[in-house]
> 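I have a structure here, written as structure tokens, and I will follow up with some questions on it.
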Amino acid sequence: MPERARIGVLISGRGSNMAALLYASRIDPACPYEIVVVGSNDPEAAGLKLAAAEGVATFAHSHKGLKRAEFDTIITRELEKAGVTHIALAGYMRLLSPEFVTHWQGRCLNIHPSLLPRHKGLNTHEAVLAAGEDETGCTIHIVTPELDDGPILGQARIKVLAHDTPETLATRVQYAEHQLYPRVLADWVSAAQRPEALLERVRGLALNLPAAAEKLSHGSPGFFVEGGKFFAYFTDNHHGDGITALLLKASGLDEAAMLIEQDPSRFFRPKYFGPAGWVGIVLTDGPDWAMIEAMMTAAWRLCAPRRLAGLPF
Ligand code: GRF
């Protein structure tokens, strides 16, 4: 089974969504995520005590007196210390700095108590009642720089009743939230491990390099430098080997051998590539994308024509 995604949950209050995510992950042995840390901008947030009581690591830093980006750097540091792969915002009452959003791009979800795009921001239940709407609900979306925006991954709808107040609505919306969030988070982290998503990520990194292009080679998407050679291949179940991996040009057999010796669960010697010094990196066990990006750039340099490889980046 692939490693579980390591979720950091950020809260500011009660943390009932955090609790729903946590219990869902513990009830189901096949749950594709685990909550590894819960953080807050409010040291008094009730959810922190709940998480700690359940044996989950916690941290809290007050944002008072700090610039937004400075505070967010502290939060990122804490999350990375805990080995977080994805963030679930759950009632985190802080606007995020663009730096934070870019750093966690595509790896951060939020829950919002309305049917987005209706009623962004605060006081959503009041807004629903004032508009006389007959239904509301909650939305899980990927976090982008715009507040309460970003691709929607799931929604739950609930009816507004004749005598609803903001409080009664909030309670029912939360029932729905607690059902929706664990399910959407599980589907989302599983999707990120599917071969199509992994190829998309590899492709993004590869084609970002100067003069890089893609073509199918021996049934696998290969990436080469125009006027130069192939520096990377994406393989998925090649000849039925069951492995989804990135193959990268190494500086030689020594480098490949050293990596495999260092971490034989992550690196391997690709079949059919032996003498040329290629290394395979398994992509289904929580890959280290920063390392992959650096290794891919090095592979590109080995294969690029001189005039390109001299470029400073
Ligand atoms: C939820 O209603 C969520 O939609 C909103 O803040 C509330 C958090 O509640 N963003 P809790 O802390 O999860 O109980």
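Atoms within a ligand are numbered from 1 in the order they appear, just like the ligands themselves. Just so it is clear, the structure is predicted and the values come from calculations on it, not from any experiment. All heavy atoms count here, side chains included; hydrogens, waters and symmetry mates do not. The residues of the chain are indexed from 1 along the displayed sequence.
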> Of the protein's non-hydrogen atoms, which lies at the shortest distance from atom 5 (C) of ligand 1, and what is that distance?
P113 CD, 3.9 Å
> Salt bridge (charged side-chain N to carboxylate O under 4.0 Å, His left out) between E133 and R118: does it pass, once the steps are laid out?
CA-CA 11 Å; E133 290 166 351; R118 294 214 294 270; 3.5 Å; yes
> Kindly identify the option in H178, E177, Q174 whose heavy atom sits closest to atom 3 (C) of ligand 1.
E177
> What's the shortest distance from atom 14 (O) of ligand 1 to any protein heavy atom, and which residue and atom give it?
S16 OG, 2.5 Å
> Between W278 and Y233, what is the ring plane arrangement, given parallel below 30°, perpendicular above 60°, and tilted in between?
tilted
> Does a donor on one side chain and an acceptor on the other come within less than 3.5 Å for T284 and Q193?
no
> Taking N or O atoms only and a 3.5 Å limit, does M18 qualify as a polar contact for ligand 1?
no
> Can you tell me if I111 has a non-hydrogen atom under 4.0 Å from ligand 1?
yes
> Give a yes or no on whether Y23 and I11 share a hydrophobic cluster (residues Ile, Leu, Val, Met, Phe, Trp, Tyr; joining criterion: side-chain heavy atoms under 4.5 Å apart).
yes
> N/O to N/O below 3.5 Å, does that happen between G15 and ligand 1?
yes
> In this structure, are over 12 heavy atoms from other groups packed under 6.0 Å from E44 atom CD?
no
> What atoms of ligand 1 come closer than 4.0 angstrom to any heavy atom of G91?
6 (O), 8 (C), 10 (N)
> Going from NE2 on H103 to OG1 on T73, what distance comes out if it is rounded to the nearest 0.5 angstrom?
9.5 Å
